[in-house]
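Here the structure is laid out as structure tokens; the discussion comes afterwards.
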There are 2 protein chains.
Amino acid sequence: MSQSDEPLPEPTPRTPRAEVRRRLLAAAAKVFAERGYADSRLEDIARAAGFTKGAVYSNFGSKQELFGALLRERSDTESTAVLAEVRGGGDLGDALRGAARLVARRIVDDTERGRLGLEFAARAAREEPTREVVAALRRAQREAASRAIAEAARRGGRGPAVDPELAALILHCLTNGLSMEHLADPAAVSAETAEQALTTVLTALLAPPPRS
Amino acid sequence: MSQSDEPLPEPTPRTPRAEVRRRLLAAAAKVFAERGYADSRLEDIARAAGFTKGAVYSNFGSKQELFGALLRERSDTESTAVLAEVRGGGDLGDALRGAARLVARRIVDDTERGRLGLEFAARAAREEPTREVVAALRRAQREAASRAIAEAARRGGRGPAVDPELAALILHCLTNGLSMEHLADPAAVSAETAEQALTTVLTALLAPPPRS
DNA sequence: GGTATCGAATACTCATTGGTATCGAAATAT
DNA sequence: ATATTTCGATACCAATGAGTATTCGATACC
């Protein structure tokens, strides 16, 4: 009883640096996504992560650099779930429909992703350094899509109806276009609509419509 | 000889108000397109138009309002050249190819348009009032496309292979997606590539590939 | 010709915010 | 234990640019 009735300063263990960095990036993603780069206050990002500006400048050299780090992080993290879906066993038609549904879901559910993508694109359009990173990211995405398509076409029996690279570009751009449209006019692009659009193009490119 | 050897102040005729407004809007389009909304200085816009900030505030209530006016102006002006191309007489296949070429050209040549569109979309994604205007503009575009497609399908003989509205959404989003891709990674989307992508989808949607 | 009005130029304000310098507590080394 | 380093918090600064108040000249009107 003699030792402690006082507040007991309880020496706070310091958050691991890597964790600080991670939280800051997550907060940056959120804030950049919902306000855009220019309208995002460095202090708001820090606060959202549970820190102060000091933490930001301790981990990143500048606002621009934080943005770049986020962009690079996303480049690495880019999910390949879609490809797995396409590669999954079973009927090719089912696989394609599954992939379409997955992408459509992401378009309407994960708006942060879409918004960030839009912000990345907007900045890439006018900033050379950003453009280089974004271009690389997109190339990698199209490349992956291209491979998946080639595989699907092979699986589908007859040789590729269209050049897989072209098909990849089409699907990639259609996806991004749908995402953008959903952000600009949510009512116009429901999950079902997006899915239908993707399925339509996907099957048109890979599997000539089952003639009646 | 007695009257004038002096510099002769040459009273400058005042620019008509409508003209001032027009030039300001044109300058705003240019500056907003190349720097984005937030990084555009009102004074730079004014200067680019040959005036000063005073002119801006005399014609528009605020920066946001200038942006809105520009957006609305573009809504009205939206060209219907594409539709004309599709409607033009001759073979349907040729008409479609012509339309695809036209759109592809615009994607790579008129970057101001693409950049502005991106900026509009980005702001629409996070600002309710802007979103309303942008959504209306896009709906109108899709609507027009939808009608053109319905007509083309009818002209092509058999009844519409796919719902014209869905086809319109697909082509609209693909176009915007290609435009965005071109801005983010110009090398990936040449005029030829874009044209091929559009033609492929267009014919797949409207005219089942000529069976070999 | 003189006066009122209109519209753009000029000069200023004021809030905002990226960046910096410094501080202090926790971790680490000695 | 104590010195040193690390790293985030705090306080501050300078620049920037939207918006405003005012001026001044050109057109319109009497």
Side-chain angles (χ1 to χ4, degrees), chain A residues 6-28 30-32 34-71 119 123 126-127 129-130, chain B residues 6-28 30-32 34-71 119 123 126-127 129-130:
Chain A
E6 279 91 78
L8 188 30
E10 184 74 28
T12 332
R14 198 195 252 171
T15 317
R17 194 160 172 75
E19 176 68 14
V20 174
R21 194 186 148 93
R22 217 171 313 138
R23 283 194 209 159
L24 284 173
L25 281 171
K30 192 179 156 194
V31 176
F32 281 147
E34 63 192 27
R35 301 196 211 165
Y37 179 83
D39 287 344
S40 295
R41 312 287 146 236
L42 238 26
E43 186 173 336
D44 293 347
I45 293 175
R47 270 247 170 59
F51 302 96
T52 66
K53 253 193 331 179
V56 173
Y57 278 97
S58 173
N59 283 276
F60 306 93
S62 65
K63 187 183 184 181
Q64 176 62 47
E65 208 172 280
L66 170 61
F67 186 79
L70 176 62
L71 176 51
E119 194 64 28
R123 287 188 73 77
R126 55 184 112 93
E127 262 199 4
T130 301
Chain B
E6 280 91 78
L8 188 32
E10 183 75 29
T12 333
R14 193 196 254 173
T15 318
R17 192 159 172 76
E19 176 68 15
V20 173
R21 194 186 149 93
R22 217 171 314 139
R23 284 195 207 158
L24 284 173
L25 281 171
K30 193 179 156 194
V31 176
F32 281 147
E34 63 192 27
R35 301 196 210 164
Y37 179 83
D39 287 344
S40 295
R41 315 283 150 240
L42 238 29
E43 185 174 337
D44 293 346
I45 292 175
R47 271 247 171 58
F51 302 97
T52 65
K53 257 200 316 187
V56 173
Y57 279 98
S58 173
N59 282 277
F60 306 93
S62 65
K63 187 182 184 182
Q64 176 62 48
E65 207 172 282
L66 170 60
F67 186 79
L70 176 61
L71 175 51
E119 194 64 27
R123 286 189 73 77
R126 56 185 111 93
E127 262 199 4
T130 301

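Order of the sequence lines fixes the chain letters, A, B, ..., with proteins taken first and strands second; residue numbering starts at 1 for each chain. Just so it is clear, the model here is predicted, and its values are computed rather than measured.
- The CZ atom of A/F67 sits 14 Å away from the P atom of C/dG18 (whole-angstrom rounding).
- The distance between atom CZ of B/F60 and atom C1' of D/dA18, rounded to the nearest whole Å, is 16 Å.
- For the pair A/R47 CZ and D/dA9 C1', the interatomic distance rounds to 11 Å; values are reported in whole Å.
- In this structure, D/dC29 forms a base pair with C/dG2, meeting either the Watson-Crick or the G-U wobble geometry with both donor-acceptor distances under 3.5 Å.
- At a threshold of 4.0 angstrom between heavy atoms, the contacts of A/V20 are confined to the sugar-phosphate backbone, with no base atom among them.
- For the pair B/K63 and B/Y37, the cation-pi criterion (under 6.0 Å, within 45° of the ring axis) is fulfilled.
- Residues A/G36 and A/S40 come closest through the heavy atom pair O-OG, 2.6 Å.
- Base pairing of C/dA29 is made with D/dT2, judged by Watson-Crick or G-U wobble geometry with both donor-acceptor distances under 3.5 Å.
- Looking only at distances, a side-chain donor or acceptor of B/E65 sits under 3.5 Å from a matching main-chain atom of B/G61.
- At whole-Å resolution of the value, CG in A/D44 and P in C/dT16 are 12 Å apart.
- Between the CG atom of B/D39 and the P atom of D/dA15 there is a distance of 19 Å, rounded to whole Å.
- Here B/N59 does not reach the OP1 or OP2 of C/dG7: none of its side-chain N or O atoms lies under 4.0 Å away.
- Not one side-chain nitrogen or oxygen of A/R17 sits closer than 4.0 Å to the OP1 or OP2 atom of C/dA27.
- Which of D/dA18, C/dG7, C/dG18 sits closest to the side chain of B/S58 comes down to C/dG7.
- As rounded to whole Å, 11 Å separates atom P of D/dA11 from atom CD of A/E43.
- Listed nucleotides D/dA18, C/dT20, C/dA8 differ in distance to B/A55; the shortest reach to its side chain belongs to C/dA8.
- Regarding contacts with the backbone of C/dG18, a side-chain N or O of A/R41 is found under 4.0 angstrom from either OP1 or OP2.
- Atom CG of A/L42 and atom P of C/dT16 are 17 Å apart (whole Å).
- Residue contacts shown for A/S62 are limited to sugar-phosphate atoms, with no base heavy atom under 4.0 Å away.
- Taking atom CZ of residue B/R22 and atom P of nucleotide C/dA8, one finds them 13 Å apart after rounding to whole Å.
- Side-chain atoms of B/K53 and base atoms of D/dG19 include a donor and an acceptor less than 3.5 Å apart.
- For the pair A/V20/A/F51, a side-chain contact is recorded, criterion being any heavy-atom separation below 4.5 Å from C-beta on.
- Using modelled atom types and a 3.5 Å distance limit, the side chains of A/R17 and A/S58 yield a donor-acceptor pair.
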